[in-house]
Protein chains: 2
Amino acid sequence: MSQRNTGVTVQAVNAHACPVREVLDRVSGKWSVQILVAAAHGPIRFTELERSIEGISRRMLTLTLRNLERDGLVTRTVYPTVPPKVEYELTTAARELHETLQRLTDWAERNRVYIAESRAAYDTEHQPELVDA
Amino acid sequence: MSQRNTGVTVQAVNAHACPVREVLDRVSGKWSVQILVAAAHGPIRFTELERSIEGISRRMLTLTLRNLERDGLVTRTVYPTVPPKVEYELTTAARELHETLQRLTDWAERNRVYIAESRAAYDTEHQPELVDA
DNA sequence: CCGAATCCGTGGCGATACTG
DNA sequence: CAGTATCGCCACGGATTCGG
């Protein structure tokens, strides 16, 4: 729909080039991963997510969930009870993604110290402005 | 601590919690991954990177390289020749990261169609604004 | 050839308030 | 309980210009 997309905004241009970017774009959000992790154990309710994630706002929780749902990574189930109840659950694709992300976690933990030291070293040499003056 | 933590800006709060975020934060940049990929084959010069990446500006190439260098992911070697020559090379840590990222690529390629369809389906149901008015 | 410095637009995200 | 709507900040990144 809508032939006149004046913007095209990356997507078509970039998407084909590198599939990694595609993944990263949808995981690089500030909260996406934490939601995936929090929901990894099984179906979880909105408020439970909100409390288990610490620091997330209602707004961002909603937005991120919507995006994940849109990408087919979570399913949203509404129970029309008296106090509304909504459960979110990871799809198969998301669970596979979650596993893959754990490889990254491993890497991060193995290299965390190394990176920290690298930074420290770099910052020491390249003193911000030390204008010895 | 922190008398006036008007912002605190993530970091201290988030860093410890999830190592994945740490990785993502330094890979989520628009160009980081592409640089890692481009430099995966071996040492590569600044201008070579600039041309092989397509669409990157000099500024972003420099900035991203600096960050990667700071994190100990690339080494920067300057040859004080007449026309300056600078080569960038991945460190061991970066090469391991690069491998890990390929798992993500695999996932992306396996689920690319699924995601596209999910999006299409979602966008069809949740008609943007169809305000039938 | 390899950068650094400046200006500026875009959008991700937080804070707050309102709804069914 | 589970959202939606509105606002405003600011980091990311693009364009351009200057320098060794």
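These values consider heavy atoms only, across backbone and side chains, with no hydrogens, waters or symmetry-generated copies. The chains referred to below are lettered A, B, ... by the order of the sequence lines, with proteins before strands, and numbering in each begins at 1.
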Quiz item: Nearest-Å distance, CG (L24(B)) to C1' (dC12(D))?
Solution: 17 Å
Quiz item: Salt bridge or not for E96(A) and R110(B), using N-O below 4.0 Å?
Solution: yes
Exercise. Rounded to the nearest angstrom, tell me the gap between atom CD1 in I35(A) and atom P in dA2(D).
Key: 14 Å
Quiz prompt | Atom pair distance, as rounded to whole Å: OH in Y88(A) and P in dC1(D) | solution = 14 Å
Quiz item: Closest to the P84(B) side chain: dG14(D), dG14(C), dG20(D)?
Solution: dG20(D)
Exercise. Take L63(A) and V78(B), find for each the nucleotide of DNA chain C with the closest heavy atom, and name the residue whose nucleotide sits nearer the 5' end.
Key: V78(B)
Practice problem: Figure out the CD/C1' separation between E87(B) and dG3(C), and round it to whole Å. | Solution: 17 Å
Quiz prompt | Donor-acceptor under 3.5 Å (T105(A) side chain, L101(A) main chain) | solution = yes
Quiz item: If you check every side-chain atom of M60(B), which of dG3(C), dG14(D), dT4(D) has the closest atom?
Solution: dG14(D)
Quiz item: Atom CZ of R51(A) and atom C1' of dA2(D): how far apart are they, to the nearest Å?
Solution: 13 Å
Quiz item: Quick one: OG on S57(B) to NZ on K30(B), what's the gap to the nearest 0.5 Å?
Solution: 9.0 Å
Practice problem: For the side chain of F46(B), starting at C-beta, report the closest nucleotide among dG3(C), dA2(D), dC1(C). | Solution: dG3(C)
Self-check item: T62(A) side-chain proximity, nearest of dG13(D), dA2(D), dG3(D)
Solution: dG3(D)
Quiz item: Is the backbone N or O of R66(A) less than 3.5 Å from a side-chain atom of E69(A), with the two atoms forming a donor-acceptor pair by type?
Solution: no
Quiz item: How do G29(A) and P83(B) order along DNA chain C: which one's closest nucleotide is nearer the 5' end?
Solution: P83(B)
Self-check item: Interatomic distance, W31(A) CH2 vs dC13(C) P [rounded to whole Å]
Solution: 9 Å
Quiz prompt | Length of the CG-C1' vector between L61(A) and dG3(D), whole Å | solution = 10 Å
Self-check item: Side chain of V86(A) - closest among dA4(C), dG3(D), dG14(C)
Solution: dG3(D)
Practice problem: Just compare dG14(D), dG3(C), dA2(D) and give me whichever is closest to any side-chain atom of R76(A). | Solution: dA2(D)
Self-check item: Touch class at under 4.0 angstrom, heavy-atom based, for R45(A) against every strand present
Solution: sugar-phosphate
Exercise. Please confirm whether the backbone N or O of W31(A) pairs with a side-chain atom of T64(A), one donor and one acceptor, at under 3.5 Å?
Key: no
Exercise. Could you state the atom-to-atom distance from CZ of R66(A) to C1' of dT4(D) in whole Å?
Key: 10 Å
Quiz item: Which one, dT6(C), dC1(C), dG14(C), comes nearest to the side chain of R59(A)?
Solution: dG14(C)
